[in-house]
Student: 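Encoded as structure tokens, here's the structure I'll be asking about.
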2 protein chains.
Amino acid sequence: MTETPNETPDNAPQPERFNQARAAQAMAVLEDYAEMIGDLMDEMGEARITDIAARMGVTHPTATKAVARLKREGLAMSRPYRGVFLTEAGVALADRVRGRHRTVVDLLIAVGVPAETAELDAEGLEHYVSATSLAAFEMFLANSAARS
Amino acid sequence: MTETPNETPDNAPQPERFNQARAAQAMAVLEDYAEMIGDLMDEMGEARITDIAARMGVTHPTATKAVARLKREGLAMSRPYRGVFLTEAGVALADRVRGRHRTVVDLLIAVGVPAETAELDAEGLEHYVSATSLAAFEMFLANSAARS
DNA sequence: ACACAAGTGTAGCCAAGGCTTTAATTGGCG
DNA sequence: CGCCAATTAAAGCCTTGGCTACACTTGTGT
């Protein structure tokens with residue numbers, strides 16, 4: 001191997017922004033599952049693989065794999081044939097995701113997107129909203145409310 | 001609750017929205033590549049694999065694969081060892097993506113997101129903005145401009 | 001007590017989208 | 001003209017996240 005330390009790719013414009021988007025995308029699925037498990041725990045007291053799969057619109061093996069990944073990331077715990085539970089970190093993530101989702105939906109509505117579309121689009125958008133943008137959204141919403 | 005587990009999945013929120021988001025995600029990469037090829041054709045008259053790869057921040061083989069996918073989708077054409085060109089459909093897609101990108105950036109800025117962050121976030125966000133939301137964004141921007 | 005249905009887990013396949021390595025083509029230069 | 005560097009292509013591997021098929025627990029009902 002020639003010593004090719006992963007230095008800056010080269011003098012290209014900014015390919016990093018794509019990598020950043022790709023990284024966010026990797027996290028997106030985890031976030032969705034964590035949020036879903038949080039919802040199920042709130043509603044039913046526990047999250048079962050079948051329910052998670054049904055809600056996510058996937059088959060149980062797929063849900064199992066996702067849960068395995070959540071466990072690997074320290075976001076969830078589960079014992080064989082028992083329900084799935086979120087760790088403290090998982091709960092924190094779920095809460096954060098939920099809050100962000102609401103903010104995104106509210107912002108979309110605030111700029112004139114129909115409520116239904118806002119919900120639908122937010123599902124895809126939310127994972128790509130940076131903390132900076134989220135803060136801006138909240139400020140914008142606060143100002144809008146105050147001005148109305 | 002009695003044991004009766006034969007109940008319908010309760011208020012199961014359509015899992016389709018997740019599938020929708022997944023579909024959008026599949027298109028995202030293609031859109032990015034098409035846009036990039038369009039840029040390169042405008043700037044240099046042709047798009048070469050090496051340039052595409054550099055700009056996207058990936059290796060050449062990855063870019064080659066992406067181009068193959070674009071060709072499969074009827075969005076691009078290329079002859080071995082010659083440049084890559086967009087088909088009519090590809091050009092249309094690239095233009096649409098470019099316009100949407102600008103609108104998204106403008107909207108983010110309009111609601112108070114710093115310009116740099118807006119650019120960065122738009123890269124991920126743009127692929128999930130529906131036509132309905134996009135139209136709402138444009139109307140919002142038009143109104144903002146008029147009111148300023 | 002045991003059988004069977006439902007739920008869960010495991011294995012193996014596929015496509016996408018990354019990567020590295022190796023081969024081939026092109027084209028410029030000595 | 002022939003060789004070499006750069007470019008492109010091809011082949012093979014990895015991970016993610018879908019899927020189906022099949023195996024195994026669990027626990028409920030007779």
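The chains referred to below are lettered A, B, ... by the order of the sequence lines, with proteins before strands, and numbering in each begins at 1.
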Student: Taking the side chain of B/T62 as its heavy atoms from C-beta onward, which of C/dG9, C/dC19, D/dT16 lies nearest to it?
Tutor: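 For the B/T62 side chain, the nearest candidate turns out to be C/dC19.
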Student: Roughly how many Å is it from CE in B/M27 to C1' in C/dA15, rounded to a whole number?
Tutor: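 Value for this atom pair: 16 Å.
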Student: So which protein N/O to nucleotides 11-14 of chain D N/O distances come out below 3.5 Å?
Tutor:
none

Student: Nearest whole angstrom, please: distance from the C1' of D/dG18 to the CD of B/Q20.
Tutor: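 So the two atoms are 18 Å apart, to the nearest Å.
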Student: Which residues, if any, of residues 78-86 of chain A bring a heavy atom under 4.0 Å of DNA chain C?
Tutor: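 Correct list: A/P80, A/Y81.
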Student: Rounded to the nearest Å, what distance is computed from the CG atom of residue B/L30 to the P atom of nucleotide C/dG18?
Tutor: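 Taking atom P of C/dG18 as the reference, CG of B/L30 is at 11 Å.
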Student: Between D/dT8, D/dT20, C/dA16, which nucleotide gets closest to the side-chain atoms of B/T50?
Tutor: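 My answer, after comparing the listed nucleotides, is D/dT8.
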Student: Over how many whole Å does the gap from A/F18 atom CZ to C/dC19 atom C1' extend?
Tutor: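 Answer to the nearest Å: 19 Å.
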Student: Determine: side-chain N/O of B/T59 to OP1/OP2 of C/dC19, distance under 4.0 Å, yes or no.
Tutor: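 So the side-chain polar atoms of B/T59 do come within 4.0 Å of the phosphate oxygens OP1 or OP2 of C/dC19, strictly under.
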Student: Output the distance between atom CZ (A/R55) and atom CD (A/E35), rounded to the nearest 0.5 Å.
Tutor: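 Rounded to the nearest 0.5 Å, the CZ-CD separation comes to 11.0 Å.
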Student: Write down the distance between NE2 (A/H60) and P (C/dA11), rounded to a whole number of angstrom.
Tutor: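 After rounding, the reported distance stands at 17 Å.
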Student: Take atom CD1 of A/I49 and atom C1' of C/dG9, then tell me their distance rounded to the nearest Å.
Tutor: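 These atoms are roughly 9 Å apart.
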Student: Parallel, tilted or perpendicular for B/F140 and A/F140, by the 30°/60° rule?
Tutor: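 Plane angle over 60°, so perpendicular.
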Student: Any donor-acceptor pair under 3.5 Å linking the side chain of B/D121 with the backbone of A/V129?
Tutor: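 No.
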Student: So, OP1 or OP2 of D/dG18: does either fall under 4.0 Å of a side-chain N or O from B/R22?
Tutor: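 Answer is yes, contact under 4.0 Å.
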Student: Out of curiosity, B/R17 CZ to B/R22 CZ, how far, rounded to the nearest 0.5 Å?
Tutor: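 The CZ atom of B/R17 sits 11.0 Å away from the CZ atom of B/R22.
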Student: Would you call A/L108 and A/T117 a side-chain contact if the rule is heavy atoms closer than 4.5 Å?
Tutor: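 No; the side chains remain at least 4.5 Å from each other.
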Student: Between P on C/dG17 and CD1 on B/I52, what's the gap in Å once rounded to a whole number?
Tutor: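 Result: 15 Å.
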Student: Should B/E31 and B/R100 count as an ion pair when the cut-off is N to O under 4.0 Å?
Tutor: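 The answer is yes: the pair qualifies as a salt bridge.
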Student: Start at the 5' end of DNA chain C and walk down; is the nucleotide closest to A/A47 or to A/Q25 reached first?
Tutor: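 With A/A47 and A/Q25 compared, the 5'-side residue is A/A47.
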Student: Could you check how far CG of B/L70 sits from C1' of C/dA16, rounded to whole Å?
Tutor: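 For the pair B/L70 CG and C/dA16 C1', the rounded distance is 13 Å.
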Student: To the nearest 0.5 Å, what is the distance between CD1 (B/I52) and CD1 (B/I37)?
Tutor: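 Result: 4.0 Å between the selected atoms.
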Student: Working to the nearest 0.5 angstrom, can you tell me the gap between B/L125 CG and B/S133 OG?
Tutor: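 Separation between the atoms: 11.5 Å.
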Student: Could you tell me if the side chain of A/V58 sits less than 4.5 Å from the side chain of A/Y33, heavy atoms only?
Tutor: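 With C-beta onward as the side chain, the pair touches.
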Student: Select from B/R48 and A/A26 the residue whose nearest nucleotide in DNA chain D is closer to the 5' end of that strand.
Tutor: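 Looking at DNA chain D, the more 5' nearest nucleotide goes with B/R48.
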Student: Does A/R98 pair with A/D39 as a salt bridge, N-O distance under 4.0 Å?
Tutor: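 Yes, A/R98 and A/D39 are salt-bridged.
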Student: Select base, sugar-phosphate, or nothing to describe what A/A66 touches, counting heavy atoms under 4.0 Å on all strands.
Tutor: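 It contacts nothing in the nucleic acid.
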